Amino acid sequence: MKKFIFLLLIFLLPAIVSAKIVSLEELLKTPENFDGKYLQVEGEVIGESLSQGDGAWVNISSSGYHMGIFFSRPQIIKAIHSWGGYCRKGDVIRVKGKFFKQCQQHQLTDIHAQSIKVIEKGYKFPETVSLTKIKASGIAVVICLAAALVYIVREKYGRKN
Amino acid sequence: MKHIVIIGSGKTGRELALELSGDANVVVVDKSLKNLDILGDDFNGKKIWADALDINTLEKAGVKDADAVYVITGNDNLNLVVGKVTKRKYGTKKVILQVNDTMKKKIFKEEGLTIVNRTYLIVEVLRKCIA
Amino acid sequence: MIISPDRKDFSSILNILGRLVLGLSFFMLIPLVTAALKREVSPFFDFLIGFGICGALGFGLMLLFPMKKEAGWIHAFFTVSFGWLIFSLLGAVPLHLSGHFASYIDAWFESMSGFATTGLVLIQDLDHLSFAHNMWRHLTMFIGGQGIILASLSILTRARSVALGFYIGEARQEKILPNVVDTSRFIWKVSFVYMVLGVAAFFAILYNQGMKWDKSFFHALWIFFAAFDTGGFAPQAQNIAYYHSPLMEAATVVFMVLGAINFNLHFWLWNRSKKEIFKNFEIKTFMLSLFGLTGILYFSLRFCGTGEILFRKGFYQLVSAHTGCGFTNLNSLGLNHFPILGVLALIFAMMVGGGVCSTTGGIKLMRLGIIFKTFFTEIKRWMMPFRSVYKDRFHHLQDLVFSSKRVKEAFIYSAFFLLTYLAGALVAIVLGYPASLSLFESVSATANVGLSVGITNPTMPLLLKIVYIFQMWAGRLEFISIFVSIGFLLSLFKK
């Protein structure tokens, strides 16, 4: 029994230790506390993956803060299906990786990912076009055309005089 | 767009400059600041306040690449000298200058310069009024 | 020194503004078409509204206020000053309708930031913004940038030096071509060529990185507008950091610098002697300033990391600050982790800016150069024998002399900028922000740079938003807007 509990703890320990999910806000405000550490972050993926050499980048966003995640093995990125954009919420992923305040390879603040997990699927949502907007645009265009007409007529009439 | 230099911003020069500045790059040169100021602040061209008898002035005005140079100051001799220098040294395509009463003919060409004799022109016009 | 228009002048001014507003409405068709192409329905209507309002206002003004007097410089001054104000207010309409702004004031801030080619942002959730709205944001920078060059070259060079005393002196020399129409043709030609080159370059880089071809094209176009017009907006919240691409950064540096050079110099390089680069006073000042500041930056960053990071982290920010662009490849709080000496170097770079008659703001290289040269000349004079006459020359397209008038103008000008920088900083300090950050943000707004240390934020006090809008406006128009506004108010009292 003791052996079992001991083995269990050994298995769980790394999970407990690295289960720390840090908010992007904390990471960006106090990067020195996390420099070189393994941690997990969560965020919505936005845009698309951008390749660099053999690797690729994914940008995630959370509460208005952003982070670039670097993947030396970009195949992992294939797990992501929805990328944030207009009328589209991107997948929310949990990234497990190493954080660098000043990455030697890329010379900027980033996270080198080891693994990711999609914890919330993204989706496309329909646009809501308010009727007021459509009506307002109609009115605006009508007034504009009316004014244009008056102007053109005035110019022609003025010239005849 | 054509590049035109007008040397002499008297009454004629000014009118010419204002006329041409609508669709040409006009540079006006005059020794008198007052003459240049009368062109107005909105003048759509460049003003150079300098002596036309100075080679540097001519270069600054860009006579070398000009399509036409008008030398129309009140001083006939100056006009002739500057006109000839411009033509000979820079080979400007069209050099037109005005004289008041040095020669008898109205408009004539000499050494590649076009010379307009203003007094004689006016005499012609006046003559035709009673013809 | 009072520019006070009378009733007839007002009519002409409003007429010209009407025409300009009509022009703006045509520009709004571009994002409209973008929305149609990308099937973004709500933005389509946003821009239809914008188009309608601008068109109606434009025609309305032209109808109500006929041209009474020939357009002169006084009209030009008012038109330029109020033009920027009206454009920013109108341009804010479709932006606000997007729903990405906390209030109309926020949208107005962003719009002014665009037209003044600043780059400070109050937009929220930029990563989910429609293509049409992003097109508009970047288009405002293009309009504002090209507009200011045209305005400074054709209009502001022609006023009476007596009437506005100190202002015109420098700009007087800066007519590219005698005829205004030819000058504007040249500007468009050059800008177009650079645009083709820039868009091609950026497109190639982004497409190669895996971005879809249509998005690559849009991003390439937008980044070009923001780089060449030294604005600094980017289509994503992370600015240039989004791309994580050293190539992208290098390419933007090229176009930022091109946009920060005096347009007269472009003319000279294209049509006359290419050697002018080495002789030109402003370029020499720029090189010295950049070199000096890079040194200071290197020195300060050395204690904050290894030397290699200087290029991407430090130098990029420095070029961005000096050219008044405002691109950043750092994350949003990156600048806050810069050592203080580095921040001061950036502030200095922002204060100075780029060449006269470029899209950059700030005191400008010509004036900085004149000030420094004057200091050294004076010191030399003290050391020389009493009666020696000392007249120094400098080369800017032609050989010019350091006249006392020129020197006086340079000093007065710079004083105006410094006062504004400080005033804006004081407002932020009074509202509770730290001193160095306040100064940074104030300079960034007035010199139309766009780098931010975080003060610019939708939650910032309303007063500060208004102050920055005013600073962006005044800085962009080199304070003409202030004199014009005073003259305008006085003319109201005259009646």
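Each chain gets a letter, A, B and so on, in the order the sequences are listed, and its residues count up from 1. Remember, it's a predicted structure, so these values are computed and weren't measured experimentally.
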Hey, what do you get for [atom1] ([X]) to [atom2] ([Y]), rounding to the nearest 0.5 Å?
X: C/L333; Y: A/T30; atom1: CG; atom2: OG1; value: 10.0 Å
X: C/L64; Y: A/Y151; atom1: CG; atom2: OH; value: 12.0 Å
X: A/E48; Y: C/S216; atom1: CD; atom2: OG; value: 7.5 Å
X: A/T109; Y: C/N329; atom1: OG1; atom2: CG; value: 10.0 Å
X: A/L50; Y: C/N208; atom1: CG; atom2: CG; value: 11.0 Å
X: A/R88; Y: C/H128; atom1: CZ; atom2: NE2; value: 10.5 Å

For each of [options], tally heavy-atom pairs with chain C at distances under 4.5 Å, and name the one with the top tally.
options: A/A148, A/P31, A/G84, A/A136; value: A/A148
options: A/T128, A/I134, A/D110; value: A/I134
options: A/G64, A/S49, A/S130, A/G85; value: A/G85
options: A/V141, A/L28, A/I143; value: A/L28

Sorted by first residue and then second, give each side chain to side chain donor-acceptor pair (under 3.5 Å) pair with at least one member in residues 25-42 of chain C; sequence neighbours left out. A/K133-C/S42, C/K38-C/D214

Please classify the contact of [X] with chain A as side chain, backbone, both or neither, using a heavy-atom distance under 4.5 Å.
X: C/N134; value: neither
X: C/L247; value: neither
X: C/S130; value: both
X: C/N331; value: side chain

Can you tell me which of [options] forms the most heavy-atom pairs within a distance under 4.5 Å of chain A?
options: C/F131, C/F44, C/F59; answer: C/F59
options: C/L63, C/D46, C/L97, C/L206; answer: C/L63
options: C/K215, C/Q236, C/K212; answer: C/K215

Cut-off 3.5 Å, side chains only: do A/Q102 and C/H337 have a donor facing an acceptor?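 Absent: no donor and acceptor within the cut-off.
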
Have A/N59 and C/Q238 got a donor and an acceptor in their side chains that come within less than 3.5 Å?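 A donor-acceptor contact under 3.5 Å links the two side chains.
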
Nearest heavy-atom pair of [X] and [Y]: which atoms, and what distance?
X: C/Y242; Y: A/G47; value: OH-CA, 3.1 Å
X: C/A56; Y: A/A147; value: O-CB, 4.3 Å
X: A/C144; Y: C/G52; value: CB-O, 3.4 Å

Look at the side chain of A/S137 and the backbone N and O of C/L48, then say whether any donor-acceptor pair between them is shorter than 3.5 Å. no

ring-ring contact (aromatic ring centres under 6.0 Å, His included) partners of C/F203, counting only residues at least two apart: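 Once residues adjacent in sequence are excluded, the partners of C/F203 under the ring-ring contact (aromatic ring centres under 6.0 Å, His included) criterion are C/Y207.
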
Would you find more than 12 non-hydrogen atoms of other residues, nucleotides or ligands less than 6.0 Å from A/R73 atom CZ?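 For A/R73, atom CZ is not crowded (no more than 12 foreign heavy atoms under 6.0 Å).
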
I'd like to know whether CZ of C/F217 has more than 12 heavy-atom contacts from other residues, nucleotides or ligands below 6.0 angstrom.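 No, the 6.0 Å shell around CZ holds no more than 12 heavy atoms from other groups.
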
In the structure I gave you, are the side-chain heavy atoms of A/Y86 and C/L129 within less than 4.5 Å of one another anywhere?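 Not touching, per the 4.5 Å side-chain cut-off.
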
